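Below is one structure, written out as structure tokens; the observations come after it.
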Amino acid sequence: MTAAQTSAEKPLLTFALAALNQERFICEAVEAAFAQTYSPLEIILSDDCSEDRTFEIMCEMAKAYRGPHRIVLNRNPIRRSIGGHINRIMEVSQGELILAAGAIGSPHLLMLSGVGDAAALRDHGIGVVHHLPGVGANLQDHLAVRTMYKVSNTVTLNEQASSLAGRVKMGLEYLLHRRGPLTIPPALVTAFVKSDASRATPDLQFVCYPLTYDTTGDPPHRFPGFTAGICLLRPESRGSITLKSNDPFAAPAIRLNFLSTPADRATAVAGVKMMREVCAAPAMRRFAPVEFAPGPGYQSDQELSAGIGRIGATIFHPVGTCKMGSDNGAVVDARLRVHGVDGLRVVDASIMPTIISGNTNATTIMIGEKASDMILEDRRDGANDEISATH
Ligand SMILES: Cc1cc2nc3c(=O)[nH]c(=O)nc-3n(C[C@H](O)[C@H](O)[C@H](O)COP(=O)(O)OP(=O)(O)OC[C@H]3O[C@@H](n4cnc5c(N)ncnc54)[C@H](O)[C@@H]3O)c2cc1C
């Protein structure tokens, strides 16, 4: 979403980029804008989205809207889009553009648009708009080490989800009573703990699920089990997002580089040992937990270090690839403006210089809130400058 302003009296709101393919977000954003005092409201759509659901929604909303504001459906694109997928940022003609494609999408789009490491861009035949080597670097994520246990004397999601009868039961429970497994989040138990008591704050999060599976996307196991996940909250490892090609539809290379420092491996090993203590506690005895991943064969630090590599996975918290700062690796400044490129901000999880030590969604929402305040402040300041310059 970009907030642009043609004059001090007529603030202009422009919705763009990631919002385009998010029906609910668009409706909420438009409604929120109506609740403010913006007028007119301009919605920029790409030139080829006439059959796009987004355009239909906008037309419907424009027709239905009877309030004091004017909706301009501007079909003059500031970027090219195919089927709602943004390929590259072409130019910022008026106001500014807010890039909010996430920690994978934002650096990818910047690189496709010529903003990134100059040599890497040239290797892929992309003209360099601005050499910014930090784009796509500094990737951080929370590694989840998924230790898993078989259990007895209880029911877990595994058995319910792996039989047709169980799935029907869960569906009916939800449809008829709005209760049951379909109404719960997967992680039912979480705890923030210190891998070492001398630490000032927790560096591990325990995240426990009443189900087990081999890898994300696989069906759950058929036996009763639970996952006792250990999440590294303050990883030292840094990965990257780089181009594989200049085709905007080709996914970029995502290198997470988990466990690439000795400290991260030591923290993960300490976490697994602590989790084993928890699962061996008297309160757990009635469920007779038996660890099957990494498994009892992994005991020494060296064995565990190898074992956790096998059961480690992302917990889907990528950040840091367009980091805020003023050093050579920084991509945006403290007001989230892209260094060296006028009229372009990045507003998403990619701007975090260092990953937060908790789940990333709420912080990303706050980044959006803070950014919208800064955008409006900058608009007001710019408008005031313009007014004083004319006197
Ligand atoms: C499976 C999963 C579970 C999660 N669970 C939790 C949780 O329990 N708690 C928590 O706090 N966080 C959770 N997260 C993390 C949280 O969702 C993210 O931190 C947050 O959404 C990041 O927001 P963002 O705006 O940076 O990126 P996103 O929310 O990813 O938004 C980026 C948007 O840009 C769009 N986009 C990207 N490229 C293009 C393009 N080229 N053209 C058009 N559109 C494009 C994408 O489709 C997407 O809609 C989870 C994430 C995942 C994936």
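From a predicted model like this one, the values you see are computed outputs, not experimental measurements. Atoms within each ligand, like the ligands themselves, are counted from 1 in listed order. In this chain, numbering begins with 1 at the start of the sequence shown.
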Any idea which of Thr321, Leu99, Thr360 brings a heavy atom closest to atom 19 (O) of ligand 1?
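Shortest heavy-atom distance from atom 19 (O) of ligand 1: Thr360.
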
Backbone, side chain, both or neither: what part of [X] comes under 4.0 angstrom of ligand 1, heavy atoms only?
| X | value |
| --- | --- |
| Thr364 | side chain |
| Ala100 | backbone |
| His108 | neither |

Has the side chain of [X] got a donor or acceptor atom that lies under 3.5 Å from a matching backbone atom of [Y]?
| X | Y | answer |
| --- | --- | --- |
| Arg345 | Arg335 | yes |
| Asp264 | Pro235 | no |
| Ser357 | Leu233 | no |

List every atom of ligand 1 that sits less than 4.0 Å from any heavy atom of Ala349, numbering the atoms from 1 in the order shown and giving each element.
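Within the 4.0 Å cut-off of Ala349, ligand 1 contributes 26 (O).
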
I'd like to check which ligand 1 atoms, numbered from 1 as shown, lie under 4.0 Å from a non-hydrogen atom of Leu109.
41 (N)

Can you find an N or O of Asn361 that's nearer than 3.5 Å to an N or O of ligand 1?
yes

Is there a polar contact between ligand 1 and Ser350, counting only N or O atoms under 3.5 Å apart?
no

Name the orientation class of the two ring planes belonging to Phe292 and His221 (parallel below 30°, tilted from 30 to 60°, perpendicular beyond 60°).
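Phe292 and His221: perpendicular rings.
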
Whether the Glu369 and Ser372 side chains hold a donor-acceptor pair (N or O, under 3.5 Å, no angle test) is what I'd like checked.
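Judged by distance alone, the side chains do not pair up.
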
Side chains of Thr354 and Gln140, donor plus acceptor under 3.5 Å:
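No, no side-chain donor-acceptor contact under 3.5 Å.
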
